[in-house]
> 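I'd like to ask some things about the structure below.
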Amino acid sequence: MIYIGIINVSDRASAGVYEDIPGKAVVSLLTEWLTCSWKPVYRVIPDEQDQLEATMIELADKEGCCLVVTTGGTGPALRDVTPEATEAVCQKMLPGFGELMRQESLKYVPTAILSRQTAGIRNQTLLLNLPGKPTAIGQCLSVVFPAIPYCIDLIGGPFLTTNEEKMKIFRPKS
Ligand SMILES: Nc1ncnc2c1ncn2[C@@H]1O[C@H](COP(=O)(O)OP(=O)(O)OP(=O)(O)O)[C@@H](O)[C@H]1O
Ligand SMILES: Nc1nc2c(c(=O)[nH]1)N[C@H]1C(S)=C(S)[C@@H](COP(=O)(O)O)O[C@H]1N2
């Protein structure tokens with residue numbers, strides 16, 4: 001079975017002040033795109049760096065997720081620490097993900113540059129940050145997803161397949 005982690009990092013969502021819309025949006029997009037069987041491993045936690053690092057490590061090392069997507073906590077506010085936590089648990093960073101997502105988000109909001117969203121590799125897991133705004137989820141995930149299955153191939157993870165009409169991915173011919 002393929003496991004994919006989703007972590008909504010938000011003080012308010014974790015306190016039940018508002019519904020976890022961003023995390024649910026990630027699950028719904030992956031359900032629409034992926035044709036391989038997969039299961040979400042789902043967490044909603046506050047913007048606490050230690051807790052976030054522990055959760056990312058748990059989903060990667062213990063739950064065996066090949067991909068862990070976080071939502072929220074990427075901005076400049078004092079409590080936004082998702083990129084720091086991501087960098088702390090990764091051996092390798094992939095700055096191209098953040099660059100492309102910010103470029104895409106700029107088509108919608110000039111505040112796109114406030115997101116420090118990034119991605120990186122921890123062993124056989126790809127960690128990816130998305131901003132917490134519900135509308136940002138599809139805008140950001142759809143632009144980087146075409147490269148994700150091949151990235152997971154390269155780190156020795158499972159073979160992800162998609163419905164090409166909904167999400168066209170790219171694997172270079174070897
Ligand atoms: N479920 C939701 N419903 C409506 N807006 C949301 C929801 N989740 C996030 N947002 C919006 O997206 C923004 C960013 O989300 P995020 O959870 O990272 O915010 P935040 O300001 O860091 O929240 P918190 O202070 O609770 O951690 C929020 O300021 C809020 O406007
Ligand atoms: N596509 C998209 N990207 C976006 C936004 C958005 O509304 N749409 N909001 C921006 C804003 S206002 C902030 S502060 C940062 C960080 O958001 P986060 O702290 O919720 O991760 O993401 C930015 N990126």
Side-chain angles (χ1 to χ4, degrees), residues 1-10 13-14 20-74 81-98 100-101 116-132 136-138 140-164 166-172 174:
M1 179 55 71
I2 296 172
Y3 294 98
I4 298 181
I6 295 113
I7 311 175
N8 180 344
V9 189
S10 165
S14 67
D20 166 26
I21 294 174
K24 285 182 183 151
V26 175
V27 175
S28 129
L29 287 170
L30 294 178
T31 304
E32 187 187 329
W33 296 340
L34 291 172
T35 48
C36 47
S37 349
W38 70 285
K39 274 193 185 151
V41 184
Y42 207 93
R43 302 282 186 273
V44 182
I45 62 168
D47 297 79
E48 291 290 342
Q49 189 168 342
D50 290 354
Q51 198 175 336
L52 177 51
E53 284 179 26
T55 306
M56 289 194 284
I57 291 171
E58 182 210 350
L59 297 198
D61 301 6
K62 193 162 150 261
E63 300 286 345
C65 296
C66 58
L67 171 66
V68 173
V69 182
T70 66
T71 66
T74 70
V81 290
T82 302
E84 284 78 8
T86 305
E87 200 154 348
V89 303
C90 285
Q91 294 104 9
K92 238 174 226 159
M93 298 310 290
L94 293 165
F97 280 80
L100 180 58
M101 291 189 287
R116 301 172 300 119
Q117 61 197 110
T118 188
I121 303 296
R122 176 183 173 86
N123 303 320
Q124 290 184 304
T125 304
L126 169 62
L127 287 123
L128 171 68
N129 305 151
L130 304 179
I137 304 303
C140 290
L141 194 56
S142 58
V143 77
V144 293
F145 202 84
I148 285 182
Y150 185 60
C151 179
I152 292 172
D153 294 348
L154 291 176
I155 58 174
F159 195 78
L160 299 190
T161 53
T162 60
N163 177 338
E164 291 271 300
K166 305 226 159 116
M167 171 47 66
K168 198 164 165 47
I169 58 163
F170 182 75
R171 280 186 166 95
S174 51

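Everything quoted here is computed from the prediction, not taken from an experiment. No hydrogens, no waters, no symmetry mates; every other heavy atom, side chains included, goes into these values.
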> For Gln124 and Gly156, indicate whether the former's side chain and the latter's backbone hold a donor-acceptor pair under 3.5 Å.
yes
> Verify side chain to side chain contact (heavy atoms under 4.5 Å, CB included) between Leu160 and Trp38, making sure each step is shown before the conclusion.
CA-CA 9 Å; Leu160 299 190; Trp38 70 285; over 6 Å; no
> First locate atom CD of Glu84, then atom CD of Gln49, and finally report the distance between them rounded to the nearest 0.5 Å.
6.0 Å
> Would you indicate whether the side-chain heavy atoms of Leu141 and Leu128 approach each other to under 4.5 Å?
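A side-chain contact exists here, since the closest heavy-atom pair is under 4.5 Å.
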> Any non-hydrogen side-chain atom of Leu30 less than 4.5 Å from a side-chain atom of Glu32?
no
> Say whether, by atom type as modelled, one donor and one acceptor occur between the side chain of Thr71 and the main chain of Pro22 under 3.5 angstrom.
no
> Before you tell me yes or no, could you show the steps for Phe145 and Leu29 under side chain to side chain contact (heavy atoms under 4.5 Å, CB included), namely the whole-Å CA-CA distance, both residues' side-chain angles and the distance that decides it to 0.1 Å?
CA-CA 10 Å; Phe145 202 84; Leu29 287 170; over 6 Å; no
> Find the distance between NZ (Lys92) and CG (Asn123) and round it off to the nearest 0.5 Å.
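Rounded to the nearest 0.5 Å, the NZ-CG separation comes out at 10.5 Å.
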> Are the side chains of Ile4 and Leu34 in contact, using a 4.5 Å heavy-atom criterion?
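When only atoms from C-beta onward are counted, Ile4 and Leu34 do touch, with a gap below 4.5 Å.
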> Quick check: closest heavy atoms across Gly73 and Asp47, and the distance to 0.1 Å?
CA-OD2, 3.6 Å
> Kindly indicate whether the side chain of Ile169, heavy atoms from C-beta on, has any atom under 4.5 Å from the side chain of Trp33.
no
> If you measure from CD1 on Ile155 to OG1 on Thr125, what distance do you get to the nearest 0.5 Å?
6.0 Å
> If I compare all heavy atoms of Ser10 with all of Ala13, which pair ends up nearest, and what's the gap?
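Shortest heavy-atom separation between Ser10 and Ala13 comes out as OG-N, 3.0 Å.
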> Is Glu63 paired with Arg43 through a side-chain N to carboxylate O contact shorter than 4.0 Å?
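Here Arg43 pairs with Glu63 in a salt bridge, since their nearest N and O are under 4.0 Å apart.
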> To the nearest 0.5 Å, how far apart are CG in Leu130 and OG1 in Thr70?
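Nearest 0.5 Å value for the CG-OG1 distance: 6.5 Å.
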> Where do Gly120 and Cys90 come nearest, in terms of heavy atoms and distance?
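Nearest heavy atoms, Gly120 then Cys90: C-SG, 3.5 Å.
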> Using 0.5 Å steps for rounding, measure from the CZ atom of Phe159 to the CD1 atom of Ile2.
10.0 Å
> If you compare all heavy atoms of Ala88 against all heavy atoms of Glu53, which two are closest, and at what distance to 0.1 Å?
CB-OE2, 3.4 Å
> Side-chain donor-acceptor pair under 3.5 Å between Thr86 and Asn129, yes or no?
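Asn129 and Thr86 do have a side-chain donor-acceptor pair below 3.5 Å.
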> Which atoms form the tightest heavy-atom contact between Val9 and Pro46, and what is the distance?
CG1-O, 3.9 Å
> Provide the closest heavy-atom pair for Cys65 versus Gly5 in the form atom of the first, atom of the second, distance.
SG-N, 3.5 Å
> Considering only heavy atoms from C-beta outward, does the side chain of Val144 approach that of Met101 to under 4.5 Å?
yes
> Does one side chain, of Thr161 or Thr35, offer a donor that lies under 3.5 Å from an acceptor on the other?
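Yes, side-chain donor-acceptor contact under 3.5 Å.
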> Evaluate side chain to side chain contact (heavy atoms under 4.5 Å, CB included) for Ile121 paired with Cys151, printing each intermediate quantity in order.
CA-CA 9 Å; Ile121 303 296; Cys151 179; 4.0 Å; yes
> Measure the CE-OG1 distance between Met93 and Thr118 for me, rounded to the nearest 0.5 Å.
3.5 Å
